[in-house]
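For clarity, every value in this text was computed on a predicted model and none was experimentally measured. Throughout, a chain's letter reflects where its sequence line sits, starting with A, and its residues are numbered from 1. Excluded from the calculations below are hydrogen atoms, water molecules and symmetry mates; all remaining heavy atoms, backbone and side chain alike, are included.
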Amino acid sequence: MGKRDTSFDSRYAMQVAARAAAAIFGGYALAAMTTAALARWLPLSRVEAVMTAMLSSFAIYATVAIVAFAVSRWWRIWLYLAIVGVPLGLALAFIGRRVAS
Amino acid sequence: MKGGLRQSMAWLHTWTGLLVGWLLLAIFMTGTSAYFQDEITRWMQPEIHGERDPVAAAEGIVARLGEHEPGAASWSMMLPGKRAIATTAYWQDADSGRGSWRDNSFTVDGTGHRVEARGTLGGFFLYRMHFDLHYLPVMWARWIVGFCAMFMLVAIISGVITHKKIFTDFFTLRLGKGQRSWLDAHNLSAVLALPFHAMITYTGLVTLASMYMPWGVAAVYKDRAEYFADAFGIETTPERSGVAASMAPIGEMIRKAREQWHGADPGYIDISIPGDANATVRMMRGGGEAMGARGQTLIFDAATGHLHTPPAEKGAAFETESVMVGLHAGRYAPIALRWFYFLCGLGGTAMVATGLVLWTSKRRLQLPDPERPHIGFRLVERLNIATIAGLPVGIATHFLANRLLPSTMADRADWEVHCLFIAWGAVLLYGCLRRVRRAWVETLTLAAAAFLAVPIVNAITTDRGLWSSLREGDLVFVGFDLAMLALSATFGYIAWKVHRRPAVPVRKPRASREVAA
């Protein structure tokens with residue numbers, strides 16, 4: 001992080017908080033939605049799809065956390081989360097659960 | 001973030017590692033001990049001798065419970081794996097809700113006879129502390145541990161991205177160079193066992209995945225019960241018929257199960273409504289019998305010994321999960337691989353510890369006034385002492401308490417555990433009162449002394465001291481005592497190194513230009 005003087009830099013603190021919130025809460029939300037989507041739409045038996053989704057979820061969570069701190073501007077991670085998350089959320093809300101077991 | 005990708009990742013690595021570092025250290029340390037859980041249990045129950053024999057144990061338990069608890073709702077037993085001897089039996093009273101674990105359980109040895117061993121949780125306590133912590137509701141603890149594991153995963157990934165010279169660092173350890181040496185030690189312990197660290201963190205999350213990530217189940221099932229029925233088969237509790245029937249020999253059922261499992265032993269057996277004509281016997285394959293941790297469950301009719309049709313083979317994803325959990329717990333590992341697991345675990349513990357020390361050693365040079373560091377720096381310094389020296393003191397005290405608390409003491413097993421936390425808390429307080437350097441030297445010396453005391457107290461209070469174990473070729477007791485001596489020597493050596501180190505770190509002109517870690 002290099003040297004920083006000891007006075008409190010509120011703009012810096014805010015952007016760290018924005019990234020951390022995206023990583024912790026945004027990451028969990030996206031992992032949860034992806035897990036639900038994979039469980040619902042993977043072409044596997046229902047129980048296998050659920051397990052496959054669950055096993056992948058932590059990799060998705062970790063990826064979001066890394067990207068949250070890798071992007072050059074703090075709001076970009078929120079933009080990316082919205083681009084992926086909103087359509088996914090809509091699909092989960094409006095395309096029903098699968099019938100096949 | 002400021003600077004390029006590598007700087008951002010270095011920053012992320014530093015802070016994810018620091019925030020959960022102390023808890024991670026405790027998780028790594030107790031988890032590492034759990035690879036020798038069975039051996040620790042054997043050491044903590046010195047009254048139990050002999051060889052294991054699951055069939056004799058199961059027969060002895062069924063005979064004993066048949067005599068004393070014929071009307072129970074269920075009988076169950078945790079059979080010993082290959083490295084253990086004792087079996088714990090438990091019964092549930094018919095009017096369930098009554099009868100605690102303590103009142104309703106007993107221990108038998110390899111011959112199936114009840115033994116009066118001292119009240120202890122054995123190695124099981126440190127294993128459970130690894131993910132259930134203590135003095136906290138279990139669900140909270142597991143969420144906290146999962147949160148730490150997720151930080152750890154992010155710290156590993158960002159640590160690898162930060163690293164320019166991952167291969168060179170494999171061979172680099174410059175000793176006696178202050179901050180540079182801590183960085184080298186941190187890199188070495190991290191890079192050397194990197195596949196282990198990545199595996200252990202991810203598979204650790206997987207062990208509790210259905211709790212952390214229930215959203216897949218929620219998306220396709222009515223409720224969790226429906227999912228579990230789909231995943232593990234429907235197991236209905238049998239109805240009482242009211243007709244009494246004696247039980248077919250349990251040994252014969254175990255032999256059938258072994259046949260079904262290509263020779264593997266059951267690890268857990270429970271018998272529902274024993275003595276009734278409708279009673280059933282459930283057997284789960286032992287955890288250490290194959291790489292996959294989740295073994296098959298077989299069901300028998302208790303009265304006839306007839307084996308129900310075994311459940312279908314698992315699908316690929318479930319098999320993967322089973323192997324991931326198996327890889328994490330390492331129950332399948334034979335002795336050489338087990339030691340390798342243990343060393344990797346120690347490497348992980350060292351990685352977290354050196355990372356925590358590196359944080360202070362890096363920043364001490366940049367403090368405006370090294371004599372009066374700011375509150376955050378002081379907090380990290382003291383917490384480092386409390387966990388790196390304090391938890392080992394606590395664990396050694398836990399072992400000492402096992403030998404020193406009177407065997408008739410009420411709630412003895414609980415007090416063994418309280419002793420761990422009392423000693424740990426005492427070191428935390430002590431470390432805050434002394435000057436930092438003195439605190440390090442003294443608490444590390446205390447850890448060395450406490451571990452040294454374990455084999456000595458063992459030799460005094462039991463007839464299974466190091467000499468007699470050596471004479472009898474009892475490798476478990478020899479191994480435990482030697483491990484204590486090795487830990488004592490390690491802490492003693494570190495204390496001596498800290499004591500001899502020059503009081504004021506030499507400020508090097510290039511120090512501030514070094515890459516953050």
Side-chain angles (χ1 to χ4, degrees), chain A residues 1-6 9 12 15-16 19-20 23-24 27-42 44-74 92-93 95-101, chain B residues 1-5 7-16 146-147 149-154 156-158 161 201-206 209-210 212-222 226-232 314-322 324 366-368 374 512-513 516:
Chain A
M1 216 171 60
K3 274 185 285 185
R4 198 155 60 80
D5 66 68
T6 41
D9 181 344
Y12 179 78
Q15 64 115 337
V16 169
R19 288 173 196 265
I24 294 172
Y28 187 81
L30 194 74
M33 282 197 288
T34 318
T35 306
L38 288 175
R40 205 173 270 182
W41 296 310
L42 270 184
L44 294 169
S45 73
R46 186 165 62 157
V47 70
E48 282 279 291
V50 167
M51 183 53 85
T52 308
M54 216 146 65
L55 293 181
S56 344
S57 61
F58 306 109
I60 295 159
Y61 196 172
T63 307
V64 174
I66 293 290
V67 173
F69 287 89
V71 289
S72 55
R73 299 268 179 275
W74 68 266
L92 280 166
I95 305 176
R97 59 186 62 198
R98 52 201 270 164
V99 264
S101 66
Chain B
M1 304 297 296
K2 290 176 186 167
L5 176 68
Q7 268 79 5
S8 309
M9 289 297 111
W11 184 94
L12 182 60
H13 180 77
T14 302
W15 293 100
T16 47
F147 187 80
M150 219 34 238
F151 267 59
M152 172 86 185
L153 188 59
V154 171
I156 289 175
I157 299 170
S158 54
I161 299 173
T201 308
Y202 204 91
T203 55
L205 287 161
V206 166
S210 67
Y212 296 143
M213 266 307 154
W215 309 109
V217 174
V220 292
Y221 286 101
K222 269 204 316 286
E226 194 193 6
Y227 162 70
F228 284 119
D230 206 355
F232 304 108
K314 291 197 200 90
F318 270 77
E319 205 56 66
T320 305
E321 191 253 7
S322 173
M324 284 174 112
Q366 296 163 3
L367 287 171
H374 52 86
S512 60
R513 277 183 46 210

Item to check | Student check: side-chain heavy atoms of B:Trp215 and A:Met33 closer than 4.5 Å | outcome: no
Item to check | Contact leader toward chain B among A:Ala59, A:Ala23, A:Ala65, where contacts are heavy-atom pairs under 4.5 Å | outcome: A:Ala59
Next on the checklist: Ignoring hydrogens, what is the shortest heavy-atom contact between A:Ala70 and B:Leu5? Give both atom names and the distance.
Outcome noted: CB-CD1, 3.6 Å
Item to check | For B:Ala231, all residues meeting side chain to side chain contact (heavy atoms under 4.5 Å, CB included), sequence neighbours excluded | outcome: A:Val47, B:Tyr227, B:Phe318
Next on the checklist: For A:Ala53, which atoms come within 4.5 Å of any heavy atom of chain B: side chain, backbone, both, or neither?
Outcome noted: neither
Checklist entry - Is chain A contacted by the side chain of B:Ala316, its backbone, both, or neither, given a heavy-atom distance below 4.5 Å? => result both
Checklist entry - side-chain contact (heavy atoms from CB on, under 4.5 Å) between A:Ile24 and B:Phe151: does it pass, once the steps are laid out? => result CA-CA 9 Å; A:Ile24 294 172; B:Phe151 267 59; 4.2 Å; yes
Checklist entry - So how far is it from B:Asp230 CG to A:Glu48 CD, rounded to the nearest 0.5 Å? => result 10.0 Å
Item to check | Structural part of B:Leu153 lying under 4.5 Å from a heavy atom of chain A | outcome: side chain
Checklist outcome for this item: Of all heavy-atom pairs linking A:Ala39 and B:Val220, the shortest is O-CG1, 3.6 Å
Next on the checklist: Please identify, among A:Thr35, A:Thr52, A:Val50, the residue contributing the most non-hydrogen atom pairs under 4.5 Å to chain B.
Outcome noted: A:Val50
Checklist entry - Quick one: does A:Tyr28's side chain get under 4.5 Å of B:Met213's, heavy atoms only? => result yes
Item to check | Residues in side chain to side chain contact (heavy atoms under 4.5 Å, CB included) contact with A:Ala20, at least two apart in sequence or another chain | outcome: A:Phe69
Checklist entry - Most heavy-atom pairs under 4.5 angstrom with chain A, which of B:Leu205, B:Val154, B:Val206, B:Ile157? => result B:Leu205
Checklist entry - Quick one: what part of B:Phe147 sits under 4.5 Å from any heavy atom of chain A, side chain, backbone, both or neither? => result side chain
Checklist entry - Is a donor on one side and an acceptor on the other found under 3.5 Å between the side chain of B:Tyr202 and the backbone of A:Leu55? => result yes
Checklist entry - Which atoms of B:Glu319 come close to chain A, meaning under 4.5 Å heavy atom to heavy atom: side chain ones, backbone ones, both, or neither? => result neither
Item to check | Side chain, backbone, both or neither of B:Ser210 within contact of chain A (heavy atoms, under 4.5 Å) | outcome: both
Next on the checklist: Within this structure, what is the CE-NZ distance for the pair A:Met51 and B:Lys314, rounded to the nearest 0.5 Å?
Outcome noted: 9.5 Å
